[in-house]
Structure formats: C-alpha cells, structure tokens
Colleague: 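Could you have a look at this structure, given as structure tokens, before my questions?
Quick caveat, the model's predicted, so the values are computed rather than measured.
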Amino acid sequence: MPIRPLFTAAFGILAAALALVYGRAEWAVPLLIGGLGCMFAALFPIIFARGRLRRIAASLLAFASGLVLMAAVFWRADVRICEIETRYTGEVRPFSLLVTELPERYQNSARVTVEILDGSGTRASIWCYGEIAALVDVGDRLHGDIAFSATRNDPAYGTYQTVKGIFLSGTPESLEWDAVGEKTLKNLPQRVRRTMLETIDTVFGEAAPTMRALLLGDRTEFDEAFSDAVADTGVSHIFAVSGTHLTFFTAILLLFSHGRRRNFVIASIISLAFAAVTGFTASIVRAMLVQILFFSAAVFGRKSDGLTSLGLALAVLLLQNPYAVADIGLQLSFASVLGILLFAQRLIRCISSRTKAWPRWLAKPISGLVTALALTLSAQVFTMPLVAFYFGSISLISILTNLVVLWVIELLFLFGWLALGTAFVWMPLASLLAAPVVWISGLLEAAIRISAAIPFASLGTESIFVRVWILLLCGLTVWLLLRPRLRTAMAAILLATISLQAALFAMHRYAASAMEIAALDVGYGRCIVITCGEDTIVVDCGSTRGSSGEVLAEHLKARNIRDIDLLIVSTNKPHHANGIAEVLPIIREIAFAPANGDQLLTEELCLRAENAGIELHTLADGAEFTVGTLSAAIYLPADRPADASAAVCVRSAYGEVVVFGDHSERALAALAEDARIGTADAVVSAGHAIKFPLQEEMLVKMQAEYVIICSNKADETFVGARNTAAEGTIRLRLEND
C-alpha cells in the first residue's frame, strides 16, 4: 500500500481528538510534547535509512504531526472556551441576542441557537417558552435576563451542543422579542431552508415528513413509531443527507456541463450551497470536501485518492472544532466511507470479471445488485459496532431492506427535487409531478413499517454475548469482502447463523440465572424495571421532562425484552405515570389505584388501556400478582386518598426488592410498623421521603444491601446500606450465592 501522508496525519489528528475529548483536556500538553519527540525520532530513519524502515518512519512522522497539530489546536480552543465560560456563566445578567439558526421547536418550547451581541461573536443555546417559542425565527433579536451555564458540564445536552461549537446554554428568566427578522447574507441559507421546508409541506402533503427527511435531512416530523421502524430496518442513512444525496444531485446538474474547470466550479458551488442549506452537518461537509477535492484533482491533472480526500475532510472538521469528534453522525459517516474505500472495490471487481461473458440483460442487473450489496456490507464493517454502542440495537434485516429500497430512493430523490424546483415556478405543474412521489413514498413508508414488524428485525446489544457476536460478524464480513468467493460466502453465512444462535442461547440462560433491577435515569421521576428471564415487571414510568416512556422503550429494546408483563403504578401522578402512553403497545397488564393521585391522568390511563385491550387491575393492600417466576405484593397504607402511594415488594427465587412510593410521613410510620415489610436484598425509595427521619429508620430495619434513591439529593449517611446511589441509571443483579 502506498504511503498517504495526509491520511496518516489525519489519523493522528483523530487519535489526539479522541484522547482529549473523551479523556482529559489536561492531556493536550503531554500529547504535544510526546508528538514533537516522535517527530524528531522519525527524522533520523528518514534521512539515513532506506526501504521499509524509511516508509515506517515517514508514516510515524505524519502521524506525530497530526498529534502535535491537534494538541496545539485543542489547547488553544480550550483556553478560549474557558474564557467564554468565565466571562458569561454565573449570575443572571441582561443579554442581547441574535437568532442565527432555525429554532428546534417542541410542544411548548423551542431550543434556539443565538449569537451574543457584544462584538465577541460567541454562540449559545437557549430555551424559549410560550408565544416566543412558537414565533421566533432566524434573524430575530432577543433581549432578556439569562444565567448561562457551560454545556461541557451538561450530561443531558452537552455533547449535542459542543459538537456544533456551542459551549453556553441557558433558560431566560425574562425575555423580550424583537421580530426584526434581519435578512443578511449570513442567515440566507437558513431562510432558504425554511422556505424550502414550507414548500415541501405544500407540494407533497401527507408525504411531506418523508420528503423533508429525504431532500433536506429534516426528521422532525417523523412520528416516534416510524422513527423506530427506520432504525429497526437499518435505513436511517437514507433520511440523513450525505454523500449519496450530494453526488446524485451534482451528477444531474453536471449533465448540462462540459469541461474540467467548468465542472469543478459548478460542483464546488453546488456542494457549498447544498451543505449550507442542509445545515453543514458532519456527513454533508465530509461529502462536500471530498467532492470538491475529486473535481479539483481533474483540473490539476492529478489522480484523486479516496483515502487522502477522506483524511483531509476529517482533518478540516476536527481542526475547526475538536469536539466534533464526539458527533455520532460524523463517526458513522466517516466509518461507512472508510469501509467502502477499503473493501467494496474488491468484491465489485471480482463479480464484474466473472459476468463479462454473460448476456448484457443479465449481467447489468447482477452487477447493480452486487454493487449495492458490496457498498452495504463494506459500510457496515465499521459502523455496526458504533450503532450497537450508541443506539443499543442493530438491524438484522438491513442488507435486505437496503437492497429493496435504494432504487426507490433514487426515484424519490430525482422527482422530489424536480417537483420542488418546479414549485417555485408554477405550482400546478409541481403538484402534478408530486403525485407519483406521494404514491411511491407511501409505499416506501409501508414497506419500512412492515419490515420492522418482522420478528427479530432488530437485535438488542446490551448483552456481552451479542456484542461479541457483532465483532465476529464484522470479522466475517471483512473476510468475505477480501476473499469474494462462493465458498467463503457460504461459510461466513453459516458461521454467522450458528454463532448468533449460540449468542441468543447464552444471553437467555444468563438472564434466567438471576433477578435484575434497573432504576432508569428519567430525570425528576421514576421508572423501575425488574426482570427474571423472560418475565418483566415495571414499577412506574414517569418524568417531569416527559421522556420516561422513550427511555424505558430503549432500555427494553437493548435487552431484547419484547413485552412488559405487568406495569404497577404506585401513584397516579405525572412524574410516575406520564410516560406510559409511549409503551402501551407492549404492556399486557396494568395495576393501579383509580382513586390515587391525579384524576385526569387516571381517566386518560383507563381510556388508553381500554382502547389498547390491556387488562386493568385495582391496587389494594395485600393484593398479589404473579408473573412467571416473579411475584409482586402490594402494601397500601391508610393515608389521605390524594397522597396514598403503594409500596411494591417483588420476589423471585434469587432475591427480593422493595419499591417505595411517594409516601407521607404518616404512611412511612405505618409501613415501618408493618410486620410484612421484612428484609430485602435491594430497596428503591422516592426522594420525597428523604426529608422524613423515618426513612433512615426503615432502611436500618430492612438491612438492605443495596439502596437506590430516586433523587439528586440522596443522603449518603444511611446506616445499614453499603451501596447508596444518587441520580442516574443503576443496574443491579441478584444471584444465588
């Protein structure tokens, strides 16, 4: 393999960025010194040695140069970020702000990217509520009192902001809105994007959510069920603008252009404009830079090198913002292209050489099918482990679904852009062109939903056995791509199938050999999942931030749990029950007290459960429920009806866990004297009861080995509990000694 200095240097930049962003910022200076040392050490073999040793030294020099460059850039960026944090964070102060991007609107709020108007050009992210959230737009000016915080310290949204170069966030205490709507060259791409999105809604009607995602990468109109189906079928990449979209779009326009320089100019303008309108996401910036480098190589009479172009694009992105290395989209985009560049061509050349003598009517479709298969397999070599790590599941049918839908995407992309462009000239003709697009997009959506409903369309990856199988599968894929023979393909498929069955069997046996408790991180609220083998009991599912149902669904999906056998609602209040609606399709039975808590929430829960055909049970003191190997006993102490909250004791052959609700002091006193509340291996308690002295008395009496407090104000002085944890997702595994 020839030496590629730029690609090797980019690899050094990537390594340094990963170490500094995921490690510690203080490592910048040691990396800088170590990189300089490696550079000097590599000079001697380059000057005096020959052959392989010289090539190795040259690669080391390029790699070390990347380390040094990134360490220096990161150190400088960190100094600037620290200055920003020192200057703006702290007490509440008045600020004047300019909205620089289209707001991300939610039900009652909007997240807005702004520039602080003090001449520094500092960007920040703020939350808006009420009328302003619904009406604020790019170019508007805002004035208000805000206490900014550093996004690098925000576990919920920090990474989402820092990868975009935003290091301040805040919620205004007061906010005034000047609907100026300044039209500047800087916000022109955002205004164009808004106009295009509005036009897409008008032209494509019911197909607008799909076309917004396909043409401009806007998935905000996807419903939750369809988003899950897209992930389960492994076709998320077709709804994220990337190199495929840009290449296809550019190729159409270049049909009317001739000449290397003219092609270079047109491709550069198109790439830059398309990247600006789609928001300069990592995947489209990578595609833009690679495409510009490809056409520039033709202008200067040089051969384009894919790995060098990819490395240069990565270096540009990371040197501009080192924290972009944590962007999941960037990691997936570069990993997929790297796999294609390394492995796809070998399989394509092998099949093409064998189909030369075939009739054209047969060779052409076979070549197209093999090309799509090679691209899909190559892209998944490096992306599959990342998908498993970040999203907790992988699609087992992604290869088939991609082969089926890719040709449909080309049609939708072509006629979609044609209809959209025509809409700015003559709307009746655009509506006529959009008619087949709407029909085809409906078929595409139906195909994705049907495919996602196939049993085991996706596989949860939380189990160590599944993760080992994924690594084995990636290895088998590389083997197949490097040795593209029928015998190799059959052996790889056989080994993958047998090893998957072994992984699933081991995962099932491991889950059935213990009782597992998970207290999910849903913020201010509670959701407790108790499993033993295939039996699952969930106690509560609520949060003030409204995401508990999504968190629960992701947890169950990652662990390949398809159903909730029993959901127990300890008290009918939003922070205990407002996420239930999102998981109703997988619930079999619900147990709750109708007179307990919020009456409106109770009525809504009953109506939704009845419509979903879910069996309802009424909680009562002494009631017991059995779910396979799990049994749940209910303790409902007499108290004021509005404050009545159940305690739940879940038992199995491997242990016992007691989950307390939002008890008043009087209810705690009743539970403390209840002889039925004995020892337990684990105790989960609501944070509201921490203020009561009886809380500690209860825990001392129970002598639990594990105590989980669903609050961020846990008192760590409880006697008799060796493991006390505050806020966060916590998992316990109880096994027989």
Side-chain angles (χ1 to χ4, degrees), residues 105 193-242 244-249 252 277-278 365 368-369 372 375-376 393 395-458 550 553 581-582 584-586 611-612:
R105 289 190 172 91
R193 177 179 176 84
R194 179 193 59 205
T195 302
M196 294 177 73
L197 289 173
E198 292 172 351
T199 307
I200 289 173
D201 292 339
T202 303
V203 173
F204 297 106
E206 62 183 15
T210 302
M211 298 310 298
R212 285 166 69 108
L214 182 61
L215 300 181
L216 294 177
D218 186 344
R219 296 175 55 171
T220 56
E221 299 299 320
F222 277 6
D223 61 72
E224 194 66 36
F226 187 61
S227 294
D228 292 340
V230 167
D232 291 344
T233 52
V235 294
S236 298
H237 60 94
I238 67 176
F239 297 111
V241 286
S242 59
T244 304
H245 300 75
L246 184 56
T247 302
F248 189 75
F249 190 55
I252 294 175
V277 171
T278 52
L369 183 64
L375 293 176
T376 303
S393 65
S395 174
L396 296 181
I397 61 172
S398 61
I399 295 177
L400 294 177
T401 51
N402 275 276
L403 292 177
V404 170
V405 306
L406 282 180
W407 66 273
V408 178
I409 297 305
E410 293 184 0
L411 291 176
L412 288 176
F413 196 78
L414 173 61
F415 289 100
W417 275 109
L418 184 61
L420 181 59
T422 307
F424 292 99
V425 180
W426 192 27
M427 184 60 74
L429 179 58
S431 300
L432 184 63
L433 293 173
V437 174
V438 173
W439 182 72
I440 295 174
S441 66
L443 292 179
L444 173 65
E445 181 176 344
I448 291 175
R449 292 184 185 274
I450 293 173
S451 300
I454 297 174
F456 285 99
S458 64
E550 181 180 346
E582 297 181 41
L584 275 178
I586 60 173
N611 292 336

Colleague: If the condition is side chain to side chain donor-acceptor pair (under 3.5 Å), which residues does T220 pass it with, not counting sequence neighbours?
Modeller: D218
Colleague: Any heavy-atom pair between the side chains of R219 and S236 that's under 4.5 Å?
Modeller: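 Yes, close enough: below the 4.5 Å cut-off.
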Colleague: Among pairs that include at least one residue of residues 213-235, which meet ring pair (Phe, Tyr, Trp, His ring centres under 6.0 Å), considering only residues two or more places apart or in two chains?
Modeller: F222-F226, F222-F239
Colleague: Does any pair with a residue in residues 427-446 pass ring pair (Phe, Tyr, Trp, His ring centres under 6.0 Å), and if so which ones, sequence neighbours excluded?
Modeller: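 Not a single pair qualifies under ring pair (Phe, Tyr, Trp, His ring centres under 6.0 Å).
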Colleague: Please round to the nearest 0.5 Å and tell me the distance separating atom CD of E221 and atom CG of L197.
Modeller: 9.0 Å
Colleague: For residues 445-457, which side-chain N or O atoms pair as donor and acceptor with protein atoms under 3.5 Å away, sequence neighbours left out?
Modeller:
from	atom 1	to	atom 2	distance (Å)
E445	OE2	R449	NE	3.2
E445	OE2	R449	NH2	3.0
R449	NH2	D223	OD2	3.0
S451	OG	A447	O	2.8

Colleague: With sequence neighbours left out, write down each residue that passes side-chain contact (heavy atoms from CB on, under 4.5 Å) with V277, or none if nothing qualifies.
Modeller: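 V192, R193, M196, L216.
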Colleague: Could you name each residue pair satisfying salt bridge (charged side-chain N to carboxylate O under 4.0 Å, His left out) that touches residues 196-205, not counting sequence neighbours?
Modeller: D201-R212
Colleague: Kindly list each side-chain donor-acceptor pair under 3.5 angstrom involving residues 412-429, sequence neighbours excluded, with atom names and distances?
Modeller:
from	atom 1	to	atom 2	distance (Å)
T422	OG1	L418	O	2.6

Colleague: With sequence neighbours left out, what residues match S458 under side chain to side chain donor-acceptor pair (under 3.5 Å)?
Modeller: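 Testing S458 for side chain to side chain donor-acceptor pair (under 3.5 Å), a comparison that skips the adjacent residues, returns D232.
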Colleague: Nearest heavy-atom pair of L444 and I409: which atoms, and what distance?
Modeller: CD2-CD1, 3.7 Å
Colleague: With salt bridge (charged side-chain N to carboxylate O under 4.0 Å, His left out) as the rule and sequence neighbours excluded, what pairs involving residues 426-440 come up?
Modeller: none
Colleague: Could you list the residues that satisfy side chain to side chain donor-acceptor pair (under 3.5 Å) with N402, not counting sequence neighbours?
Modeller: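 If we apply the side chain to side chain donor-acceptor pair (under 3.5 Å) test to N402, skipping adjacent residues, the hits are H237.
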Colleague: Just to verify, what does T233 make a side chain to side chain donor-acceptor pair (under 3.5 Å) with, not counting sequence neighbours?
Modeller: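 Counting only residues at least two positions away or on another chain, T233 forms no side chain to side chain donor-acceptor pair (under 3.5 Å).
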